[in-house]
Amino acid sequence: SQSRYGYYMAKRVVGAKMIVEADVFADGHDQWAAVLLYRHESDKKFTPVRMEELTNDRWRASFIPEKQGVYYYTLEAWLDHGLSWHHDTTRKINGAQQVAVELLMGAEMLASISKSATKTEKARLKEIIAIFKDENQYEEACQLAQSNEVHDFFVRYPDNRHIVTYKELKLYVDRPKALFSTWYELF
């Protein structure tokens with residue numbers, strides 16, 4: 001039997017924001033990431049929009065349809081090991097725990113990211129990895145591990161090998177004048 005969700009197309013007019021929300025969760029305390037993918041029927045590739053977590057496992061993203069016709073959209077979510085590492089390591093550092101092993105794990109994760117990074121980013125990642133591995137720079141490594149810079153690397157280069165994809169949904173986009181009625185429709 002077919003689920004009622006997505007049975008009928010959502011409707012918008014050109015230029016009207018389409019907001020998509022979803023509940024994304026699983027057992028445990030690991031960090032999740034999610035993305036909204038959308039495309040016009042004439043496009044071959046989906047455009048990704050990173051979803052933001054609102055509260056209580058609720059996520060949101062939006063896009064503005066620019067052409068009339070049918071749009072296809074779906075959601076993808078994955079357990080984000082890099083963001084989980086960043087979150088857990090930050091909590092341990094703030095709790096005054098030793099994180100030497102975690103720093104080595106972080107160095108391995110950043111090394112795998114560097115394969116996809118730009119030339120400038122690779123150079124910076126190499127510096128961070130060296131600091132994470134150097135026992136004499138433990139304090140600096142702890143500061144870097146908690147930094148937005150390291151967090152942003154994990155956001156830009158997610159480890160989404162174990163991705164879950166929701167079914168494809170449709171959106172019908174009409175011309176802007178479809179919002180307005182003629183006078184005789186008022187009666």
Side-chain angles (χ1 to χ4, degrees), residues 20-40 42-54 57-64 71-95 97-169:
V20 179
E21 290 188 3
D23 294 324
V24 179
F25 60 92
D27 291 336
H29 299 287
D30 290 317
Q31 300 296 302
W32 282 85
V35 66
L36 166 66
L37 300 169
Y38 72 93
R39 71 176 180 85
H40 185 265
S42 65
D43 298 333
K44 291 186 191 303
K45 289 187 174 184
F46 281 95
T47 301
V49 177
R50 188 81 178 213
M51 297 186 81
E52 65 174 306
E53 187 173 14
L54 302 173
D57 302 321
R58 192 72 171 175
W59 294 69
R60 175 187 292 159
S62 64
F63 67 96
I64 298 175
Y71 278 79
Y72 297 95
Y73 65 100
T74 187
L75 306 172
E76 291 182 341
W78 61 92
L79 177 65
D80 198 308
H81 298 291
L83 291 178
S84 294
W85 173 88
H86 184 266
H87 178 262
D88 294 344
T89 304
T90 298
R91 290 185 69 196
K92 287 179 181 180
I93 292 169
N94 290 337
Q97 295 180 27
Q98 284 291 330
V99 292
V101 172
E102 285 81 357
L103 291 172
L104 293 175
M105 290 171 50
E108 286 181 27
M109 292 176 157
L110 291 174
S112 68
I113 284 175
S114 69
K115 296 172 186 170
S116 304
T118 66
K119 189 175 181 179
T120 307
E121 290 172 332
K122 284 181 185 186
R124 181 60 182 148
L125 285 167
K126 190 174 180 180
E127 292 172 8
I128 295 170
I129 291 167
I131 293 169
F132 278 11
K133 290 182 175 181
D134 186 354
E135 294 175 10
N136 296 323
Q137 297 186 57
Y138 180 78
E139 292 301 320
E140 186 178 350
C142 287
Q143 288 177 354
L144 269 172
Q146 300 177 82
S147 71
N148 287 336
E149 180 183 22
V150 169
H151 177 271
D152 292 346
F153 275 123
F154 288 126
V155 170
R156 267 195 308 279
Y157 301 103
D159 176 10
N160 55 6
R161 289 175 287 175
H162 306 290
I163 203 161
V164 176
T165 304
Y166 190 68
K167 67 183 176 180
E168 207 169 84
L169 301 170

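Along the sequence shown, the residues carry numbers beginning at 1. Remember, predicted model here, so these are calculated numbers, not experimental data.
- Just one of Val35, Leu169, Leu37 meets the side chain to side chain contact (heavy atoms under 4.5 Å, CB included) condition when paired with Thr74; it is Leu37.
- Ion pair Arg60/Glu52 not flagged as a salt bridge, since none of the NZ, NE, NH1 or NH2 atoms sits closer than 4.0 Å to an Asp/Glu carboxylate oxygen.
- Phe63 is not listed as a side-chain neighbour of Thr47, based on a closest heavy-atom distance of 4.5 Å or more.
- Within a 6.0 Å sphere centred on CZ of Arg91, heavy atoms belonging to other residues, nucleotides or ligands number 12 at most.
- Under the 4.5 Å side-chain criterion, counting only non-hydrogen atoms from C-beta, Tyr138 is in contact with Leu103.
- Shown here are the ring pair (Phe, Tyr, Trp, His ring centres under 6.0 Å) partners of Tyr157, two or more places apart in sequence or in another chain: there are none.
- The neighbour count for Lys122 NZ, taken as heavy atoms of other residues, nucleotides or ligands under 6.0 Å away, is above 12.
- Between Ile93 and Glu102, the closest side-chain pair of non-hydrogen atoms is not below 4.5 Å.
- Panel note: side chain Asp80, backbone Gly82; a donor-acceptor pair is recorded below 3.5 Å.
- Listed by chain and number, the residues in a ring pair (Phe, Tyr, Trp, His ring centres under 6.0 Å) with Tyr73 amount to none (sequence neighbours excluded).
- For the side chain to side chain donor-acceptor pair (under 3.5 Å) condition, the pairs that include at least one residue of residues 103-118, sequence neighbours left out, are Thr118-Glu121.
- Under the rule for a ring pair (Phe, Tyr, Trp, His ring centres under 6.0 Å), the partners of His40 that lie at least two apart in sequence or sit in another chain are Tyr71.
- Scored by the salt bridge (Lys or Arg N to Asp or Glu O under 4.0 Å) test, Asp88 finds no partners at all (sequence neighbours excluded).
- In terms of heavy atoms, Trp59 sits closest to Ala33 at CH2-CA, 4.0 Å.
- Put simply, the side chain of Met51 reaches to within 4.5 Å of the side chain of Leu75, judged on heavy atoms.
- Between Asp159 and Phe154 there is no side-chain heavy-atom pair separated by less than 4.5 Å.
- Sequence neighbours left out, the pairs with a member in residues 135-155 that pass salt bridge (charged side-chain N to carboxylate O under 4.0 Å, His left out) are Arg124-Glu149.
- For the pair Ile128/Phe153, a side-chain contact is recorded, criterion being any heavy-atom separation below 4.5 Å from C-beta on.
- Across every non-hydrogen atom of Ser62 and Leu36, the tightest pair is N-CD2, 4.1 Å.
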